[in-house]
Amino acid sequence: MSPSEPAKKLTRKDFTSDQDIRWCPGCGDYAILATMQRTLPTVGADPAKTVFLSGIGCSSRFPYYMNTYGFHSIHGRAPAFATGLKLTNPELDIWVITGDGDGLSIGGNHLMHMLRRNVDVQMILFNNRIYGLTKGQYSPTSLVGLRSPSTPLGSIDMPVTPALLALGAGARFVARSVDTMAKHLAPTFVEAREFRGTSFIEVLQNCPVFHDGAWNHVTDKARAGSTMLMLEHGKPMLFGDKDGPQQGLRLKPNSLELEVVTLGEGGITQDDVLVHDETNRSMAFLLGGLEPPNFPIALGVLLREQAPAYDAGVVAQVEAAQQKGMTDVDKLLRAGHTWTVE
Amino acid sequence: MSPSEPAKKLTRKDFTSDQDIRWCPGCGDYAILATMQRTLPTVGADPAKTVFLSGIGCSSRFPYYMNTYGFHSIHGRAPAFATGLKLTNPELDIWVITGDGDGLSIGGNHLMHMLRRNVDVQMILFNNRIYGLTKGQYSPTSLVGLRSPSTPLGSIDMPVTPALLALGAGARFVARSVDTMAKHLAPTFVEAREFRGTSFIEVLQNCPVFHDGAWNHVTDKARAGSTMLMLEHGKPMLFGDKDGPQQGLRLKPNSLELEVVTLGEGGITQDDVLVHDETNRSMAFLLGGLEPPNFPIALGVLLREQAPAYDAGVVAQVEAAQQKGMTDVDKLLRAGHTWTVE
Amino acid sequence: MDTFTKSQTRETLESVVIRFAGDSGDGMQLTGSQFTHTTALMGNDLATFPDFPAEIRAPAGTTYGVSGFQIHFGSQDVRTPGDAPDVLVAMNPAALITNLADLKPGGMLIVNTGAYTKGNLKKAGYEQSPLEDGSLSAYRVINLDIQAMTIAAVESFGLGTKDALRSKNLWTLGLVLWLFGREYEPTVAYLEQKFAKKPAIAQANIAALKAGHAYGETAELPSGIGPYEVPKAKLSPGLYRNITGNDALAWGLVAASQLSGLKLVLGSYPITPASTVLHSLANLKSFGVTTFQAEDEIAAVCAAVGASWGGAMGVTTTSGPGVALKAEAIGLAVMLELPLIVVDVQRGGPSTGLPTKTEQSDLLQAAYGRNGDSPLCVIAAATPGDCFYMAIEAARIAVKYMTPVMLLTDGYLANGAEPWKIPAMADLPQFKAKFVTERTEGFHPYLREDETLARPWAIPGTPGLEHRIGGLEKNYDSGNISYDPDNHHKMTKTRAAKIAGIANSVPEQEIEVGEATGDLLVVGWGSTYGAITMAVRRAREAGKSVSQVHLRHIVPFARGLDTLLRGFKRVIVPEMNNGMLVKMLRSEFLVDAIGVNKIAGQPFKVAEIENAIDSALENL
Amino acid sequence: MDTFTKSQTRETLESVVIRFAGDSGDGMQLTGSQFTHTTALMGNDLATFPDFPAEIRAPAGTTYGVSGFQIHFGSQDVRTPGDAPDVLVAMNPAALITNLADLKPGGMLIVNTGAYTKGNLKKAGYEQSPLEDGSLSAYRVINLDIQAMTIAAVESFGLGTKDALRSKNLWTLGLVLWLFGREYEPTVAYLEQKFAKKPAIAQANIAALKAGHAYGETAELPSGIGPYEVPKAKLSPGLYRNITGNDALAWGLVAASQLSGLKLVLGSYPITPASTVLHSLANLKSFGVTTFQAEDEIAAVCAAVGASWGGAMGVTTTSGPGVALKAEAIGLAVMLELPLIVVDVQRGGPSTGLPTKTEQSDLLQAAYGRNGDSPLCVIAAATPGDCFYMAIEAARIAVKYMTPVMLLTDGYLANGAEPWKIPAMADLPQFKAKFVTERTEGFHPYLREDETLARPWAIPGTPGLEHRIGGLEKNYDSGNISYDPDNHHKMTKTRAAKIAGIANSVPEQEIEVGEATGDLLVVGWGSTYGAITMAVRRAREAGKSVSQVHLRHIVPFARGLDTLLRGFKRVIVPEMNNGMLVKMLRSEFLVDAIGVNKIAGQPFKVAEIENAIDSALENL
Ligand SMILES: Cc1ncc(C[n+]2csc(CCOP(=O)(O)OP(=O)(O)O)c2C)c(N)n1
Ligand SMILES: Cc1ncc(C[n+]2csc(CCOP(=O)(O)OP(=O)(O)O)c2C)c(N)n1
Ligand code: SF4
Ligand code: SF4
Ligand SMILES: [Mg+2]
Ligand SMILES: [Mg+2]
């Protein structure tokens with residue numbers, strides 16, 4: 001919708017392209033897509049100014065299905081294309097879509113550099129802990145021991161934790177959500193979109209074909225209360241089963257380690273529970289690495305740290321130069337020593 | 001020296017090649033080289049089993065000057081060559097030499113993956129916060145505002161902190177030292193060599209030609225006591241000027257932030273000072289990011305965490321398979337369905 | 001064979017092409033490979049061509065989810081999977097609409113009517129059912145409600161409808177086996193083994209298979225429809241197996257490892273259609289094979305080069321986009337003069353292109369796609385089984401000449417299969433690698449052997465041979481870095497001469513089919529081999545003066561090619577690209593060779609090459 | 001000019017070649033460029049060739065730390081920096097030993113005797129001093145203790161010896177300026193400006209400069225040594241400046257940005273000898289230029305492609321190894337059909353090769369170094385100043401044809417300088433880019449323009465034209481992903497036809513020197529231009545039937561090249577590589593063109609090409 005036309009309320013349909021979707025039945029990608037298509041109209045997004053840009057992988061087909069501008073690039077390089085595009089037109093709202101293979105294996109360096117530069121885009125990493133498109137090889141997030149076509153005896157590589165990698169690279173907005181948890185995923189998208197700088201979102205995604213249940217230990221409905229910690233800034237980090245929060249995270253006294261405590265046990269009260277501070281990078285480092293069975297996984301915004309966006313800085317330098325400096329090419333060519341031949 | 005010959009005590013000369021050194025006069029690389037050449041004989045290193053493998057950059061010329069096996073590869077890829085070599089011959093003692101451009105810019109992804117896999121090599125990153133060989137462009141560790149040939153108006157990119165990046169990637173041995181501090185650098189090399197897995201060492205290095213004094217705020221002799229924190233496992237983190245340690249690092253009560261305290265002020269005693277625990281990754285994260293003027297820089301071993309080395313795992317799988325599985329190619333070719341044509 | 005010869009006499013056919021087509025979920029690949037297996041056991045010659053959809057699991061019923069498997073078998077030499085099918089099995093409307101155009105006029109069409117529902121018809125894009133509108137009248141249609149008959153056949157096993165329907169491909173297989181006089185026992189054995197842990201499934205599948213077979217035997221098929229007999233082919237005696245190109249390649253590498261005495265170290269990054277080589281080798285660790293799935297293609301090749309320096313046979317496998325990424329590191333290997341095998345299983349390009357389709361469009365990239373004068377050896381496999389031998393040849397050249405070798409295959413070879421006469425290791429020549437080990441004062445790592453111009457291979461760990469190598473130009477004698485202008489000229493010429501010299505260790509170029517002179521020479525390379533051979537043979541049978549030359553060695557060309565090219569009035573060069581080998585031939589030999597190009601992601605049909613031959617002969 | 005014409009009359013020379021050589025720390029580049037500047041102001045035609053050491057700052061006195069600057073100036077057309085110097089300035093023994101062989105017999109040799117210490121002689125590899133053993137007797141040697149005289153000249157400024165010695169290059173410059181009748185005022189002005197904030201340094205330098213000049217004027221130079229006069233050249237009238245290739249390139253890109261109305265976005269990663277283009281453009285932000293130093297070459301080109309999609313003129317600059325890394329992404333740009341300029345400032349290869357030396361060995365990589373059939377446009381600049389125009393030409397083609405364009409220059413053009421007649425922007429044709437903006441239901445991003453086959457450029461942000469692009473093959477009409485075989489064939493042919501069609505917008509190939517038919521045609525491309533032109537002219541002056549063709553457009557070739565090639569009995573192709581253009585010409589035109597190859601990291605000497613001409617004529 002062009003902003004020059006009378007504002008019309010857009011709906012999911014306006015964000016849905018006419019392309020046939022080519023994911024396997026039951027793939028977690030469908031849910032993420034649906035949430036995106038439903039969420040964008042609610043925040044007044046303009047399809048003409050919205051761009052989805054991806055690498056290669058099942059997840060990277062996402063742009064085809066959004067009725068916005070879309071760019072299905074090459075394996076691992078989406079952040080670099082996005083950076084060039086954003087520097088060219090900072091008005092665009094750019095979403096980079098990647099997978100655990102695309103973004104962390106071949107594309108790890110571009111991801112890291114986009115994060116440290118803090119280019120104002122949203123990056124969603126669909127983490128299914130497997131290479132889907134190439135039929136099931138293990139990925140940098142696969143756990144040790146995973147048997148896959150390329151690791152028939154079990155993988156040996158120690159996995160990388162996307163959130164920690166992002167934090168180590170200097171990311172300033174780091175969040176995590178789950179493919180099918182639309183109610184959690186939608187606001188995460190919205191907050192990422194509002195953040196000025198690179199917002200990094202890891203979405204736990206199920207690949208029913210090649211790594212079904214990779215996240216069952218997190219999402220298993222029966223235990224979900226104790227396997228997920230829903231972060232809220234300024235709120236104590238409580239979790240527990242369905243009858244209400246009963247457990248919490250506490251900093252071990254005089255140390256730098258977290259422990260799970262149960263309210264009411266051993267005199268523990270809510271005051272002993274650590275309060276989430278999304279501006280605290282050290283806390284984010286601690287939270288980023290937690291995973292069941294010993295800890296719940298931390299979902300929501302792990303870190304939100306305001307910092308100048310790279311594109312803004314680049315544009316400001318160019319604009320300042322344009323105001324002060326030379327703009328006439330004829331002058332440029334004639335600057336310095338010249339002489340006339342008659 | 002071949003191990004089969006009668007053990008002869010080697011000296012620096014045995015580790016010095018006949019190649020002319022081609023660094024600028026005054027370059028910090030000379031000091032690092034000298035320390036390496038002096039240190040290896042003291043730990044019984046065998047030149048024939050020692051390999052120096054580098055990318056491209058001033059720092060990456062290092063292998064030419066060591067009288068060991070040497071491999072001056074291509075820009076950024078040294079970790080990948082090293083991984084292939086180590087998997088082929090795990091007996092070799094491999095040192096990967098890289099720079100802040102080579103290792104963190106073009107080569108960031110290989111560095112990260114070698115670290116997470118924990119391949120048993122030592123990686124030394126010469127951090128001069130500049131591209132030396134290509135004549136002075138800013139690097140991923142250059143501070144914001146640096147004017148360089150490619151950033152005449154000052155750089156905008158937020159720098160990356162090598163130690164934090166390494167930690168985020170899952171590194172298990174992370175250390176830091178200074179080019180000219182031979183007494184600190186030598187034992188750091190020794191400990192790195194002893195560690196089984198990837199040991200990552202950042203060496204603060206001065207490039208007098210393109211970024212002279214990049215580390216003056218750390219190494220300035222007059223203030224060195226208060227700008228450097230010499231880590232020792234199990235020891236309180238004390239520092240201070242030459243008359244003896246007077247300051248220390250403390251964890252802010254009930255928080256995850258460090259603060260500088262002065263012994264004797266406000267009732268602070270040595271007991272209030274945090275004790276360095278090199279097995280604590282969260283502590284390493286906190287320490288890795290400190291830099292003057294607000295904090296001293298942490299030197300020494302930030303993290304040492306035992307974990308299986310990748311090469312050992314790979315070799316073990318092959319060996320186990322060799323013991324159990326098929327080893328006769330004729331059998332392999334005949335496995336499965338065959339038929340005879342007469 | 002007494003199960004089926006009772007009731008009818010069989011018409012004898014010389015060769016048949018069958019295509020099984022259905023939804024990705026319909027099990028067409030299994031159907032095809034079981035039919036292949038049985039056919040091979042019966043002694044026919046054969047060639048196959050599986051054609052997967054690009055999607056992992058496209059939604060059921062869509063045209064882009066159609067999976068196909070074509071087999072060509074006969075009592076004569078079979079070299080290609082066949083141009084147009086004689087028989088098409090269409091398990092659903094999408095399979096019909098996407099494959100019908102290929103079926104020979106008058107061909108047999110087996111239709112699973114139960115799947116021709118309104119929904120499926122619509123998904124396939126049919127306005128009305130082709131079964132009813134007379135549009136199939138050119139074919140011999142067998143309408144069968146295979147679904148219903150399958151459900152009936154497996155009823156007794158108490159499966160749900162969904163599970164029961166899973167066996168419909170086996171019912172179909174049973175019928176087709178019967179039609180062409182094949183036994184079902186090998187498939188029964190296969191099913192019993194495969195579902196050893198799920199006996200109910202095994203039994204249901206077997207029941208469906210037998211029911212299909214029995215249906216042929218007992219039901220009245222429309223007249224003019226089978227049954228047929230395809231007599232054994234006269235294959236050279238020996239022990240045979242079926243083999244796909246990627247398996248042959250993996251096994252060839254393992255054989256090369258033993259023949260050379262070198263440890264095999266593979267650095268690879270998954271990419272279609274090369275990934276299965278990585279998979280195969282990852283399963284062969286018992287042969288001392290190390291496989292390393294790297295973080296990307298660059299790391300993969302670098303790890304292989306590191307391994308080669310360390311004294312292993314370093315190998316990297318990939319497809320076109322991966323070769324592009326590896327270019328810089330391959331250039332380093334050229335400079336380092338280390339053995340390295342780069343396998344490019346080509347696919348449709350440019351860019352991501354048609355990743356699941358075949359093409360031969362990386363030839364120029366293989367030969368020239370690096371900075372600087374950066375010569376290396378390029379060879380190509382001609383058939384799936386040939387991948388085994390060319391892998392060994394790549395290793396032989398790499399070790400003997402201390403050079404990277406680019407081995408080209410393609411998606412068609414990778415997934416296609418052929419009956420393959422199994423060689424004995426003892427019959428394959430060894431080429432043991434030699435490391436220098438003698439302690440040398442001031443070892444010069446670039447002093448060359450006279451014959452091959454190869455430099456010595458001294459591996460880290462060897463006492464007294466400590467040395468340093470790298471990507472900078474080096475002095476001809478000392479091997480130290482050198483910026484000397486004349487030295488660079490000499491080194492560039494020497495690197496080129498070394499590669500050119502490889503021709504000395506390769507047999508002279510032979511004529512594949514026909515005489516060494518004549519009207520028309522057809523020159524091919526890679527997987528077009530079968531189609532060209534058939535076409536040239538047919539042309540010769542029709543009395544035309546046509547010969548065939550097929551190149552396995554491209555850089556350098558084998559000796560004698562020049563003379564062969566000049567022996568003909570005309571030279572044509574069929575390629576599955578827009579003209580690459582033809583460029584190299586024209587430039588090298590100044591012959592007016594003409595390209596015949598098909599860039600459709602599909603192998604040539606024999607008829608297409610026959611046509612090209614005819615029009616070349618017309619314009620002599 | 002009255003400072004120097006008093007005492008002696010000057011011998012008139014038509015042209016002179018001077019080489020300044022010394023330690024990297026001796027300021028030879030400054031000396032050379034100031035001499036150049038003054039010479040340009042005096043109206044001579046000229047060409048220069050700086051030759052840096054590979055090391056940043058090699059230890060003083062070593063041979064690999066020698067830095068050189070050669071200038072060729074004259075009253076006639078000057079096209080190359082000259083084959084052999086008439087005058088060699090050797091500031092230390094290392095400079096002497098590495099450069100002496102090039103000095104013409106009887107040439108003038110200016111030696112700074114104070115630097116010929118034992119230590120320096122040894123570092124350079126001299127057993128005994130060449131100043132004393134008679135080994136320089138073939139030259140006209142001027143032995144001067146320049147160091148001592150410099151110290152004396154700057155004594156009054158109270159500098160330490162080390163600082164004082166820094167001015168010795170200016171003393172030398174003063175002397176050489178005097179020798180060739182040049183004024184020192186322009187250098188004085190330069191020094192005053194450069195050291196505006198350090199007046200003491202400025203004054204000391206100026207004093208040394210004047211002292212050197214005065215020394216020539218007053219001292220008795222050996223007889224037969226100068227002074228000389230080199231009259232003005234007859235240059236076409238206009239305003240001139242000196243320009244290096246890399247500056248010309250940067251400025252050409254900025255001009256192209258204004259001529260096309262597109263924002264210039266550069267994605268680059270530093271690499272010798274391309275880095276200075278990045279540096280220049282980073283200084284031109286006031287022209288709306290965005291420069292992005294990416295984390296590597298891949299990110300650099302990807303950012304440029306992203307920028308192009310966003311409606312900018314996306315540019316990436318690099319050298320050979322960088323092009324190798326960019327191959328995959330350039331292939332994507334071919335598929336996306338977006339404008340993109342890839343500048344390859346070639347250097348010595350393969351691999352890291354000779355990074356600071358020049359070469360033309362990336363041509364085949366530029367043309368073919370990508371997976372799949374991946375055609376793009378390749379053009380090349382002939383002289384430093386031509387880089388300006390070829391940058392504009394690259395942009396014109398990229399925008400008009402929606403295609404990547406590879407622009408080849410090399411280290412020699414990059415750092416070399418020539419007097420350049422400054423064009424006026426108003427005289428340069430505009431080629432305003434057009435974005436589609438009209439809201440279209442179901443916009444088809446690959447529907448092509450008839451004439452150029454270019455697709456429309458619709459940039460994100462445009463309401464109603466939302467669409468998706470990518471690296472998979474797309475349908476000819478809709479632009480949606482397509483796996484259809486015939487469509488892929490058609491698209492491949494169309495992409496090739498689009499590139500071939502570029503020739504329609506390029507003037508016919510012209511003869512550069514000579515007639516359109518004759519005995520011998522010399523075909524060149526890139527920076528060999530000057531040397532070939534001089535050699536062909538000399539051959540023609542000697543009455544030989546030789547002509548020259550110089551290619552700026554290589555893929556596609558300009559129309560008419562075919563006819564030109566066929567108009568000669570013989571065609572030779574001088575290249576600074578092992579034979580690349582010659583391959584392309586032979587293959588395309590089936591002419592028996594013969595390569596003349598120099599792979600030494602150094603430009604051709606005119607004499608080398610003259611020799612090649614002669615031997616080609618002998619073997620007609
Ligand atoms: C240069 C290159 N190398 C390899 C491939 C093959 N490839 C395509 S997608 C993919 C991995 C995808 O994994 P991930 O990013 O996790 O995506 P998913 O399919 O799991 O969503 C690979 C290896 C390619 N397309 N290009
Ligand atoms: C593929 C490639 N790109 C770029 C270069 C140019 N290059 C050589 S070294 C270097 C940066 C070196 O910086 P760093 O690693 O910090 O090393 P230093 O010289 O500072 O020690 C660059 C960009 C190259 N050699 N190869
Ligand atoms: S393979 Fe896995 S990730 Fe890919 S579409 Fe299918 S279910 Fe989804
Ligand atoms: S440029 Fe800097 S880093 Fe490089 S050798 Fe010189 S001083 Fe050292
Ligand atoms: Mg994945
Ligand atoms: Mg550096």
Side-chain angles (χ1 to χ4, degrees), chain A residues 19-27 29-30 54-61 64 72-77 100-111 128 130-142 146-157 160 207-211, chain C residues 23-25 52-65 94 123 125 246 266-286 289-300 317-322 324-325 347 349-353 355-356:
Chain A
Q19 302 294 300
D20 288 340
I21 301 192
R22 302 191 176 188
W23 287 314
C24 308
C27 178
D29 294 354
Y30 284 99
S54 64
I56 301 279
C58 295
S59 33
S60 288
R61 294 214 157 209
Y64 287 117
H72 179 222
S73 75
I74 45 177
H75 199 30
R77 319 296 174 189
D100 44 325
D102 188 67
L104 297 174
S105 195
I106 191 169
N109 203 37
H110 307 302
L111 174 140
N128 55 10
I130 206 81
Y131 286 6
L133 191 67
T134 48
K135 308 206 169 169
Q137 299 86 3
Y138 79 128
S139 90
T141 55
S142 298
L146 184 78
R147 285 172 199 262
S148 80
S150 55
T151 53
L153 306 176
S155 90
I156 295 168
D157 308 35
V160 73
C207 166
V209 172
F210 293 113
H211 201 358
Chain C
D23 207 63
S24 326
F52 312 110
E55 279 67 39
I56 307 295
R57 302 247 162 124
T62 57
T63 52
Y64 53 84
K123 272 192 219 161
N246 274 1
L266 174 76
S268 189
Y269 186 73
I271 186 166
T272 307
S275 307
T276 48
V277 181
L278 163 63
H279 303 172
S280 288
L281 286 171
N283 270 307
L284 299 176
K285 293 210 163 68
S286 63
V289 173
T290 299
T291 57
F292 169 57
Q293 179 177 315
E295 56 271 25
D296 64 9
E297 281 87 352
I298 301 178
T317 50
T318 189
S319 188
L325 286 167
R347 64 188 215 181
S351 192
T352 313
T356 55

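Chain naming here is simple, since letters A, B, ... match the order of the sequence lines and numbering starts at 1 in each.
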Options A/Thr151, A/Leu133, A/Ile156, A/Leu153, ranked by heavy-atom pairs under 4.5 Å with chain C, top entry: A/Leu133
query: Of the backbone (N, CA, C, O) and the side chain (C-beta and beyond), which part of A/His72 lies under 4.5 Å from a heavy atom of chain C, both, or neither?
result: neither
query: Measuring heavy-atom distances to chain C, does A/Tyr138 have an atom under 4.5 Å in its side chain, in its backbone, in both, or in neither?
result: both
- request: Counting only heavy atoms closer than 4.5 Å, note whether C/Ala294 contacts chain A via side chain, backbone, both or neither.
  value: backbone
- request: Would you mind telling me which of A/Thr134, A/Leu104, A/Asp20 has the largest number of heavy-atom pairs within less than 4.5 Å of chain C?
  value: A/Asp20
- prompt: At a heavy-atom separation under 4.5 Å, does A/Ser155 approach chain C through its side chain, its backbone, both, or neither?
  reply: neither
query: Within a strict 4.5 Å, meaning less than it, do heavy atoms of the A/Ser105 and A/Ser139 side chains meet?
result: no
field: Beyond-backbone contact of C/Pro321 with A/Ile74, side-chain heavy atoms, under 4.5 angstrom
entry: no
message: If we define contacts as heavy-atom pairs under 4.5 Å, which of A/Asp157, A/Ile21, A/Val209, A/Ile106 has the most with chain C?
response: A/Ile106
Segment of C/Leu281 engaging chain A (4.5 angstrom heavy-atom cut-off): neither
query: Which residues satisfy the ring pair (Phe, Tyr, Trp, His ring centres under 6.0 Å) test with A/Tyr131, sequence neighbours excluded?
result: C/Tyr269
- prompt: Could you give the distance from CG (A/Leu111) to CG (A/Asp102), rounded to the nearest 0.5 Å?
  reply: 9.5 Å
task: First locate atom OG of C/Ser275, then atom CD of A/Gln137, and finally report the distance between them rounded to the nearest 0.5 Å.
output: 5.0 Å
- request: Could you tell me which portion of A/Pro140 (side chain, backbone, both or neither) has an atom closer than 4.5 angstrom to a non-hydrogen atom of chain C?
  value: neither
- prompt: About how many Å separate OG1 of C/Thr291 and CG of C/Leu284, when rounded to the nearest 0.5 Å?
  reply: 9.5 Å
query: Non-hydrogen atoms of chain C under 4.5 Å away: do they reach the side chain of A/Cys58, the backbone, both or neither?
result: side chain
- request: Pick one of side chain, backbone, both or neither for C/Thr276, based on which atoms fall under 4.5 Å of a heavy atom in chain A.
  value: neither
message: So C/Ile271 and C/Arg347, do their side chains get closer than 4.5 Å, heavy atoms only?
response: yes
field: Side-chain heavy atoms of C/Thr352 within contact of A/Ile56, under 4.5 Å
entry: yes
